[in-house]
Structures are given as structure tokens and as C-alpha cells.
Amino acid sequence: MAMGQRVGGEMILSIESSCDDSSIAITEIATKKLLYHKKISQELEHSKYGGVVPELASRLHAIALPAILTECEPWFNSLKAIAVTNAPGLGVTLMEGVVMAKALSISLNIPILPINHLKGHIYSLFIEKEALLPLTVLLVSGGHTQLIEVTSYDTMETVATTMDDSYGESFDKVAKMLGLGYPGGPVIEKLALSGDASKFSFTVPLSQSPLIAFSYSGLKNNVRLSTLEASPEDYPNIAAAFQKTATEHLIQKLKKYFKTKPPKRFAIVGGASANLHLRGQVEQLLLAHKAQLLVAPLEYCSDNAAMIGRCALEAYDQKAFVAYRDISIQPRCKL
Ligand code: KG4
Ligand code: ZN
């Protein structure tokens with residue numbers, strides 16, 4: 001299709017670059033339909049360092065984002081706004097997306113919709129399904145472990161959070177200890193399938209504490225000490241025991257929380273919501289409450305621009321536009 005040619009109705013172009021995924025999507029406003037979505041992941045490039053190297057990530061975004069954008073040119077004349085993740089995330093990588101959003105805003109003379117990445121994860125549930133609110137949400141990603149009461153786009157209350165590391169991050173750290181590269185979640189989950197969790201015993205964090213909060217630094221150390229004397233044949237057993245304990249911690253705290261507020265509708269979102277052991281355990285817990293579990297399709301669990309575009313439809317309805325000169329990045333912002 002030639003550049004500048006008009007296609008379809010009115011659309012939003014969304015950009016995600018908060019960590020190590022460069023992604024752009026086009027969402028049709030009237031139908032909420034995702035028309036285009038592409039993501040270039042940097043996992044391979046960061047794998048040898050055992051985690052994301054911010055400066056490298058930002059350089060890779062500067063190459064990948066413009067490459068994806070060229071494929072979106074046919075929609076340029078139909079765009080009504082540019083949505084971009086501006087918080088939270090790595091400062092240097094958020095900046096890559098925001099700079100692109102500013103350039104598009106100036107050249108196409110359309111406003112920007114700044115989008116909170118965590119809200120984006122929540123709206124990943126509604127890319128292919130009708131929105132269902134209110135909802136209790138467990139957000140488990142590389143940067144966050146939070147329990148959130150979601151009433152509406154504007155009303156989201158974090159009711160529990162982590163005191164240190166996040167659930168996904170603990171998988172990354174254990175994978176690093178075992179020399180398995182980055183990201184750790186998928187590789188540990190796979191390794192655990194061939195392991196026997198009863199061969200290692202790790203303490204469930206905060207199990208005696210009345211607090212409804214999460215903590216993974218103690219478990220991480222627990223696993224680290226075990227790996228010192230372990231041989232590679234033990235690694236599947238360590239992976240299985242770690243995954244079981246890390247997940248049991250979430251389940252124990254959810255059980256506690258549900259005593260005060262029984263769930264009606266419950267969702268798991270974020271990169272680590274892809275974990276099937278976690279999904280299975282939560283499903284079992286919800287049976288007792290006859291509550292429904294919502295999860296996003298696997299391709300939208302980890303970071304992507306489709307969820308940012310879906311979230312931006314809500315911001316668009318509220319006319320939450322900002323001019324290119326007024327947008328700022330907020331790396332440490334919460335919900
Ligand atoms: O949401 P996401 O793509 O990025 C952040 O916003 O942080 O989440 C990435 C995190 C990584 O820590 C990764 O190891 C974890 O999600 N993850 C998993 C699984 N797949 C990804 N953790 C456990 N099990 C998985 N299957
Ligand atoms: Zn994320």
C-alpha cells in the first residue's frame with residue numbers, strides 16, 4: 001500500500017518500549033479491533049548477561065521501533081492519537097517510545113495518550129474479549145507482584161505488593177544461578193516439568209506473617225544456597241521445588257485475602273501469568289469460591305503494544321490527551 005493512502009476508519013497507534021520488547025500496534029477506535037501488532041523481543045541479546053542491560057535495550061529499541069513503524073505507514077492518515085507507555089519502566093527505554101510518539105504527534109498533528117504499563121497489562125484481558133469489571137487482579141511480571149482491585153479505568157487500588165523482588169524476577173534470578181539465561185520464567189517452568197519438587201525443600205516466604213504482602217528475596221537466597229552444593233542433575237528438582245514454593249507463597253496470601261474479600265471475578269496478568277503451574281493453582285483456589293478466572297491469550301501476557309492500544313481506547317474516551325511538549329516519563333510511577 002502506498003504511503004499516505006487512507007485505510008479504514010479512525011485508529012490509534014500504540015507504542016511499548018518500557019523494558020526489552022519493542023512493539024507497535026494499530027487499534028480501530030469504533031470496533032476496538034486490533035488491526036496490526038508487531039513485537040521485536042530482545043531476549044536473545046540480553047540472555048548472555050542474565051538480565052536486561054538498559055543501555056543495550058535502549059539502543060535496540062532505537063533500531064527496532066522505526067523498522068516496525070514503516071509497516072504502519074498505510075494507517076498514518078487514519079490515526080487520531082498516538083498512545084505510548086510513559087510509566088513505569090526503565091527510563092532510557094521508555095524514552096525511546098516517547099520520543100517516537102512526540103515525532104509522530106508533531107508530524108501528523110495529533111495528540112498523545114500517555115499510558116501506564118500496569119494498566120496496559122490489565123487491559124490485555126480485553127484485547128479479544130469484552131471488558132468485564134469489577135475485577136480482582138494478580139499482576140505478576142518482571143517488575144511487579146501486586147494484587148489490585150480494579151473498579152474502572154480510573155479506579156484501581158493496589159491492596160498488596162511485594163516488599164522486594166517480584167515473582168517473575170525470582171524466576172529470572174534462579175535461572176541465572178543455574179546458568180540458564182534470560183528470561184528465566186519459561187525455562188524454569190519447562191525444566192520443572194522433568195523435576196521432582198519433593199527432592200528439595202524451600203521455606204514459603206511470610207507464611208507465618210499476618211501481612212498480605214509478597215517477598216521473594218529470602219526464597220532466592222534459599223535457592224542460591226542449595227545450588228552451591230547441587231550438581232546439574234539436581235537442576236530440574238531445584239526448578240520444580242522453587243516454582244512450587246514461589247507459587248505457594250502467592251496462593252497462601254490470596255487465601256488470606258479472600259477471607260476478607262471473597263473473589264467474584266479474578267484475573268492473572270503480566271508476563272508470569274503465562275506460567276501454567278500458577279494458573280492451575282489459582283484455578284483450584286477459585287473453585288472453592290465459584291469464581292471465574294480470566295487470563296489473557298498467551299501472546300499478550302508479556303509486554304506488547306496491543307494491550308497499550310486496548311488501554312488507550314479508555315483514555316481516548318476520556319479525552320486524556322496531552323500535547324507533545326507536555327508528556328513526561330515516570331519510570332517509578334505506580335498505578
Ligand atoms: O510483563 P513482562 O513481559 O515484563 C515486565 O513488565 O516486567 O514480564 C516478564 C517477566 C520475566 O521476569 C519473565 O521471567 C516472567 O515474566 N515470565 C514467567 C514466565 N514467562 C515469563 N515467569 C514464570 N513462568 C513463566 N512461564
Ligand atoms: Zn510488563
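Atoms within each ligand, like the ligands themselves, are counted from 1 in listed order.
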Checking ring-ring contact (aromatic ring centres under 6.0 Å, His included) for the pair Phe242/Phe171: CA distance, chi angles, key distance, verdict? CA-CA 8 Å; Phe242 156 72; Phe171 279 72; 4.9 Å; yes
I need the nearest protein heavy-atom contact for atom 10 (C) of ligand 1: residue, atom name and distance, please. Gly142 N, 3.3 Å
How far is atom 2 (P) of ligand 1 from the closest protein heavy atom, and which atom is that? Asp303 OD1, 3.2 Å
Among non-hydrogen protein atoms, atom 24 (N) of ligand 1 lies closest to Asn275 ND2, 3.0 Å
Under 3.5 Å between some N or O of ligand 1 and some N or O of Tyr167? no
Looking only at protein heavy atoms, identify the closest one to atom 21 (C) of ligand 1 and say how far it is in Å. Gly271 O, 3.3 Å
For Tyr182, does the six-membered ring have the charged nitrogen or CZ of Lys176 within the cation-pi criterion, i.e. under 6.0 angstrom from the centroid and within 45° of the normal? no
Heavy-atom neighbours of Asn109 CG exceed 12 at 6.0 Å: no
Relative to the heavy atoms of His121, which atoms of ligand 1 are at a distance of less than 4.0 Å? 1 (O), 6 (O)
To the nearest 0.1 Å, how far is atom 11 (C) of ligand 1 from its closest protein heavy atom, and which atom is that? Asp172 OD2, 3.5 Å
Glu169 bridged to Lys173 by N-O distance under 4.0 Å: yes
Mind telling me whether Phe126 and Tyr123 have parallel, tilted or perpendicular rings, with 30° and 60° as the class edges? perpendicular
Backbone N/O of Met307 and side chain of Tyr300: donor-acceptor pair under 3.5 Å: no
Considering only the protein, which heavy-atom contact is closest to atom 26 (N) of ligand 1, and what is its distance? Glu189 OE1, 2.7 Å
To make sure I understand the geometry: which N, O or S atom in Asp303 is closest to the Zn ion (ligand 2)? OD1
Parallel, tilted or perpendicular: which describes the rings of Tyr216 and Tyr167, with under 30° parallel and over 60° perpendicular? perpendicular
Numbered atoms and elements of ligand 1 in range of His117, under 4.0 angstrom, heavy atoms: 6 (O)
Quick one: does Ile24's side chain get under 4.5 Å of Cys72's, heavy atoms only? yes
Closest protein heavy atom to atom 25 (C) of ligand 1, given as residue, atom name and distance to 0.1 Å: Gly185 C, 3.5 Å
